[in-house]
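As a basis for the values below, the full set of heavy atoms in this structure was taken, side chains included, without hydrogen atoms, waters or symmetry mates.
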Amino acid sequence: MQIATWNVNSVRQRTEHLLRYLKDVGPDVLCLQEIKCVDEAFPRLEVEALGYNVATHGQKGFNGVAILSKAPPEVTRGLPGDPSDEHARYIEAIIPDGAGVVRVACLYLPNGNPPDTDKYPYKLGWMDRLIAHAKTLLAYEEPLVFAGDYNVIPDARDAYDPAAWVNDALFLPETRARFRTLLNLGLTDALRATTDDAGLYTFWDYQAGAWQRNKGIRIDHLLLSPQAADRLLKVTIDKERRAEEKPSDHVPIRIDLA
């Protein structure tokens, strides 16, 4: 089973990019973030024509997440813990996989910048809710994948220039501590289970030639329950997608499970 995640940075602007990826790579499950549209505006018919079921949790103009899966999913929307939070940042699906199921959560964690505003406490609070929900789901002892744009640089090796990020919400100590708390629940960072190499990025800013100079960061992650980690075969960053015309500033990253 192949599961991919991709912050597409506006699905309406990058429908052709999305369809090309589905045709070229054909993951069994694709989690999308920042679709930036309401549910009705998602290019559902085009995606369904390629053999995918479409589940969206959209929002006008920003945020928005979706799960595309070849097998029909059982879907829930929204991260528990704060009924007043109206941001469309979380969608979860139970997806048939042979004789069993895999639970896939697609998340778009808040950016949190500038950190001296209320955006940063919102980010940390959202992470606390994610930690609480992860505890609940891990108790089910099933294959579970938390996939998405975490807006977290876990370690210095995950940034081309770590010093440039020391005051950024993506790299602040409180942010990274909460990410470690997630891992310490028993989740596995899929990429780091397969390599310790530095210089492996999923995001390059549009500014200052970041892509051309490979000045990237790794902020898109797939975290696996023990039952999913036991099945991990490989991790692939589809870096070449960043070289397409008018690309997203993120690229897909995917895992293969036995």
Side-chain angles (χ1 to χ4, degrees), residues 2-11 14 18 21 27-36 42 54-59 62-69 73 75-81 85 87-95 102-112 122-134 137-138 143-154 158 169-170 175-176 178-179 181-183 185 187-192 200-203 217-225 228-229 235-238 241 248-255 257:
Q2 189 174 84
I3 301 171
T5 183
W6 188 10
N7 180 322
V8 73
N9 192 11
S10 178
V11 72
R14 274 170 267 281
L18 170 61
Y21 186 71
D28 297 288
V29 181
L30 175 57
C31 297
L32 297 175
Q33 301 86 43
E34 277 201 281
I35 61 173
K36 294 184 178 179
F42 190 90
V54 177
T56 59
H57 182 32
Q59 186 173 347
F62 60 107
N63 299 329
V65 286
I67 296 178
L68 318 180
S69 64
V75 179
T76 55
R77 294 169 176 83
L79 182 66
D85 185 0
H87 286 196
R89 294 183 175 273
Y90 186 92
I91 186 170
E92 186 180 304
I94 299 172
I95 299 169
V102 174
R103 187 184 297 265
V104 177
C106 172
L107 62 98
Y108 175 45
L109 206 147
N111 179 285
Y122 172 63
K123 178 190 186 90
L124 296 181
W126 206 97
M127 295 185 82
D128 289 339
R129 288 160 55 200
L130 180 63
I131 290 164
H133 190 49
L137 297 186
L138 283 165
L144 165 67
V145 179
F146 283 103
D149 176 0
Y150 282 71
N151 274 311
V152 175
I153 304 169
D158 297 312
L170 279 63
T175 302
R176 290 184 288 142
R178 278 169 170 78
F179 188 80
T181 297
L182 262 178
L183 297 177
L185 296 177
L187 293 169
T188 296
D189 180 342
L191 184 79
R192 288 300 169 215
L200 301 173
Y201 309 131
T202 61
F203 171 92
I217 54 176
R218 185 175 76 98
I219 56 175
D220 302 271
H221 311 297
L222 297 111
L223 304 188
L224 314 181
S225 70
V235 182
T236 305
I237 298 175
D238 292 307
R241 301 285 157 174
S248 170
D249 42 10
H250 297 250
V251 297
I253 176 172
R254 53 190 162 98
I255 57 172
L257 301 180

Minimum heavy-atom separation for Ile95 to Ser69, with atom names? CD1-CB, 4.0 Å

In this structure, CG of Leu223 is separated from CG of Leu187 (nearest 0.5 Å) by 5.5 Å

Kindly say whether Asn7 contributes a backbone atom to a donor-acceptor pair with the side chain of Gln33 at under 3.5 angstrom? yes

Note, Arg241 side chain near Pro252 side chain (heavy atom, < 4.5 Å): yes

Cationic tip of Arg218 above Tyr201 ring, under 6.0 Å, 45° of axis: no

Derivation and outcome, side chain to side chain contact (heavy atoms under 4.5 Å, CB included), residues Asp149 and Trp6: CA-CA 8 Å; Asp149 176 0; Trp6 188 10; over 6 Å; no

Could you state the interatomic distance from CD1 (Ile35) to CG (Asn63), rounded to the nearest 0.5 Å? 9.5 Å

Given Thr56 and Val65, is the side chain to side chain contact (heavy atoms under 4.5 Å, CB included) satisfied, shown in steps? CA-CA 6 Å; Thr56 59; Val65 286; over 6 Å; no

Calculate, to the nearest 0.5 Å, the distance between atoms CG and CZ belonging to Leu109 and Arg178 respectively. 11.0 Å

Is Arg192 salt-bridged to Asp158, cutoff N-O under 4.0 Å? yes

For Ala147, check side chain to side chain contact (heavy atoms under 4.5 Å, CB included) against everything at least two apart and list the hits. Thr5, Cys31, Val145, Leu222

Residue pair Leu224 / Phe146, side-chain heavy-atom distance below 4.5 Å: no

Any idea which heavy atoms bring His57 and Tyr90 closest together, and the distance? CD2-O, 3.3 Å

Heavy-atom closest pair (Ile255 atom, Ala190 atom, distance to 0.1 Å) is CG2-CB, 3.7 Å

Check the orientation of Tyr122 and His87. Use parallel for under 30°, tilted for 30 to 60°, and perpendicular for over 60°. perpendicular

Under the criterion salt bridge (Lys or Arg N to Asp or Glu O under 4.0 Å), I'd like the reasoning laid out for Arg254 against Asp220: C-alpha separation, chi angles, the key distance, then a yes or no. CA-CA 10 Å; Arg254 53 190 162 98; Asp220 302 271; over 6 Å; no

Does some side-chain heavy atom of Val152 sit less than 4.5 Å from a side-chain heavy atom of Ile219? no

Any chance you could measure Asp238, atom CG, to Ile253, atom CD1, to the nearest 0.5 Å? 9.0 Å

Should Glu92 and Cys106 count as side-chain neighbours, where that means a heavy-atom distance under 4.5 Å? no

In terms of heavy-atom contacts, Lys123 and Thr175 come closest through CE-CG2, 3.6 Å

Without swapping roles, check the side chain of Asp28 against the backbone of Gln2 for a donor-acceptor pair under 3.5 Å. yes

Can you tell me how far the OH atom of Tyr108 sits from the CG atom of Leu32, to the nearest 0.5 Å? 13.5 Å

Verdict with reasoning, Glu34 to Phe62, per side chain to side chain contact (heavy atoms under 4.5 Å, CB included): CA-CA 6 Å; Glu34 277 201 281; Phe62 60 107; 5.8 Å; no

pair Trp126-Leu107: side-chain heavy atoms closer than 4.5 Å: yes

The reported gap from CD1 in Ile94 to CG in Leu144 (rounded to nearest 0.5 angstrom) is 10.5 Å

Validation row: Leu183, Thr188 side chains within 4.5 angstrom (heavy atoms): no

Are Thr76 and Ile91 packed together at the side-chain level, in the sense that at least one heavy-atom pair is separated by less than 4.5 angstrom? no

Kindly say whether Leu79 contributes a backbone atom to a donor-acceptor pair with the side chain of Arg129 at under 3.5 angstrom? yes

Give the C-alpha distance, both sets of side-chain angles, the deciding distance and a yes or no for ring-ring contact (aromatic ring centres under 6.0 Å, His included) between His221 and Phe179. CA-CA 11 Å; His221 311 297; Phe179 188 80; 5.1 Å; yes

